[in-house]
Each structure stands twice: as C-alpha cells, then as structure tokens.
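Here is the structure we will look at.
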Amino acid sequence: MERHNSTNLFLNILLMAVISLSLFACSNEAPKEGIEVTDAWVRKMPPGMTNTAAFMTIKNYTGAPVTLTGVSMDKAGHVMMHESKVVEGMAKMEHLGQVVIEKEVSFEPGAKHVMIMGLDMSDGAKTYNIRLHFANKPSLDVAAEVRDANQ
Ligand SMILES: [Cu+2]
C-alpha cells in the first residue's frame, strides 16, 4: 500500500514537472518591446502624379508615451504628417507637428496620414523607405509597400 502511494507521488511530481516545463516554454516567448510598425503602405498613383500618401500602424511597447516628431523620405521632395478632417462639410487636411503614441496610432485613409509630395513612382519600386523621427529616440526606417488604393 505504502509502495503504491509513493509510486503515485512520484508520478504526480513527474506530471507537475512536465506541466511547469511546458508552462515555462510557453511564457518563454520574448515579450514585445520597443516600437513596432505594421502594415505600412504607399498609395500608388497614376503616371505623372507625384503627390501621394502613406499609411501604417505604429505600436509602442516601450511602456512610456513616444513622440513622433516627423517623417522623411530620401526619394520624396517633402513629407509631412497630416490629418484629414471634415469641418462644416468641407474636407480639410491639417498639418501635425507631432503625434504622441501612447500604445498605438494608426495612419489610415481619411484620418492621419503621411503626406508625400514630389515622389516619382515611375521607377516601379515595390516598396519605399519612410523614416520615422522620434523625440529622444533613434529614427526608424520602415519599408512601405506600394499598393493600389482600391485593393
Ligand atoms: Cu495630406
């Protein structure tokens, strides 16, 4: 009887060990940190048109608010942060000097966007590099995929 119990005890301990090992394996996945940019894209324009916009989602895992102070592109003449708004029935674009990112900010059509002036897309590039500038942080290069707006 005693022997039977100790076998059970041993099996239980073994089982617990296996469970805690597998829990450890699951929680061992690295937590997200820093700043992550997802779904970055540039609206494809018809030939001859050099003004366009880019969109993306910026996620902040630093644990503190991060301030986006500007955007730039080597290949474009001028790049700004804009926000589309409807004021008294009129669509307007407002210049944003900075964007504070608490946890996540999306740049998307009809809302905040990266305004791009003077980008020659006739090179047929599949992606363009967009550089994000932050206050008190190194800048971050993002590869934005060229997409048809209707896609
Ligand atoms: Cu704009």
Side-chain angles (χ1 to χ4, degrees), residues 12-151:
N12 274 334
I13 290 171
L14 190 67
L15 188 64
M16 291 306 289
V18 168
I19 288 172
S20 40
L21 268 179
S22 57
L23 281 177
F24 176 74
C26 287
S27 63
N28 204 19
E29 212 172 275
K32 297 215 174 193
E33 51 183 54
I35 296 165
E36 184 187 50
V37 177
T38 58
D39 203 30
W41 62 284
V42 180
R43 178 184 282 144
K44 188 178 184 175
M45 296 302 283
M49 298 198 63
T50 58
N51 293 349
T52 185
F55 311 96
M56 66 187 73
T57 297
I58 305 171
K59 293 172 183 169
N60 174 14
Y61 298 109
T62 65
V66 159
T67 304
L68 183 63
T69 55
V71 277
S72 64
M73 288 174 77
D74 290 340
K75 293 198 167 175
H78 196 47
V79 186
M80 292 162 283
M81 296 186 289
H82 273 182
E83 181 152 28
S84 295
K85 281 185 175 164
V86 179
V87 181
E88 291 168 12
M90 300 276 288
K92 288 192 172 180
M93 290 201 291
E94 194 173 89
H95 178 257
L96 301 173
Q98 60 175 41
V99 174
V100 176
I101 305 163
E102 302 278 346
K103 294 258 190 281
E104 180 175 321
V105 167
S106 284
F107 287 74
E108 54 199 359
K112 287 188 183 68
H113 57 276
V114 177
M115 191 81 215
I116 302 169
M117 323 275 266
L119 176 65
D120 180 9
M121 299 179 93
S122 67
D123 59 2
K126 297 272 189 284
T127 62
Y128 290 102
N129 189 75
I130 298 177
R131 186 162 296 147
L132 307 180
H133 303 270
F134 298 99
N136 307 315
K137 270 197 185 314
S139 58
L140 185 66
D141 282 357
V142 174
E145 182 192 2
V146 176
R147 284 188 206 164
D148 274 326
N150 303 327
Q151 237 170 10

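- A heavy-atom distance below 4.5 Å is found between the side chains of R131 and D141.
- With N51 contributing its side chain and G118 its backbone, the two residues share a donor-acceptor pair below 3.5 Å.
- In D123, the CG atom is crowded: over 12 heavy atoms of neighbouring residues, nucleotides or ligands sit closer than 6.0 Å.
- Note that NZ of K75 and CG of L119 are 8.5 Å apart. Values are rounded to the nearest 0.5 Å.
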Less than 3.5 Å apart, which donor and acceptor atoms pair up between the side chains of residues 78-102 and the rest of the protein, not counting sequence neighbours?
{"unit_1": "K85", "atom_1": "NZ", "unit_2": "E94", "atom_2": "OE1", "d": "3.2"}

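- Contact detail for S106 and K112: the closest heavy-atom pair is O-CB, 4.0 Å.
- Under the side chain to side chain contact (heavy atoms under 4.5 Å, CB included) rule, V37 has a single partner from I130, T57, L132, which is L132.
- Listed for the T62 side chain is a donor-acceptor partner under 3.5 Å among the backbone atoms of A64.
- The minimum heavy-atom distance between F107 and F55, with the atom names listed, is O-CB, 3.1 Å.
- When atom types are taken as modelled, the side chain of T52 and the backbone of R43 share a donor-acceptor pair closer than 3.5 angstrom.
- Taking 4.5 Å as the limit, some side-chain heavy atom of V146 sits within range of a side-chain heavy atom of Y128.
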Kindly determine whether M73 and V114 satisfy side-chain contact (heavy atoms from CB on, under 4.5 Å), including the steps that lead there. CA-CA 11 Å; M73 288 174 77; V114 177; 5.7 Å; no
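- For the atom pair E36 CD and N60 CG, the distance stands at 11.0 Å (nearest 0.5 Å).
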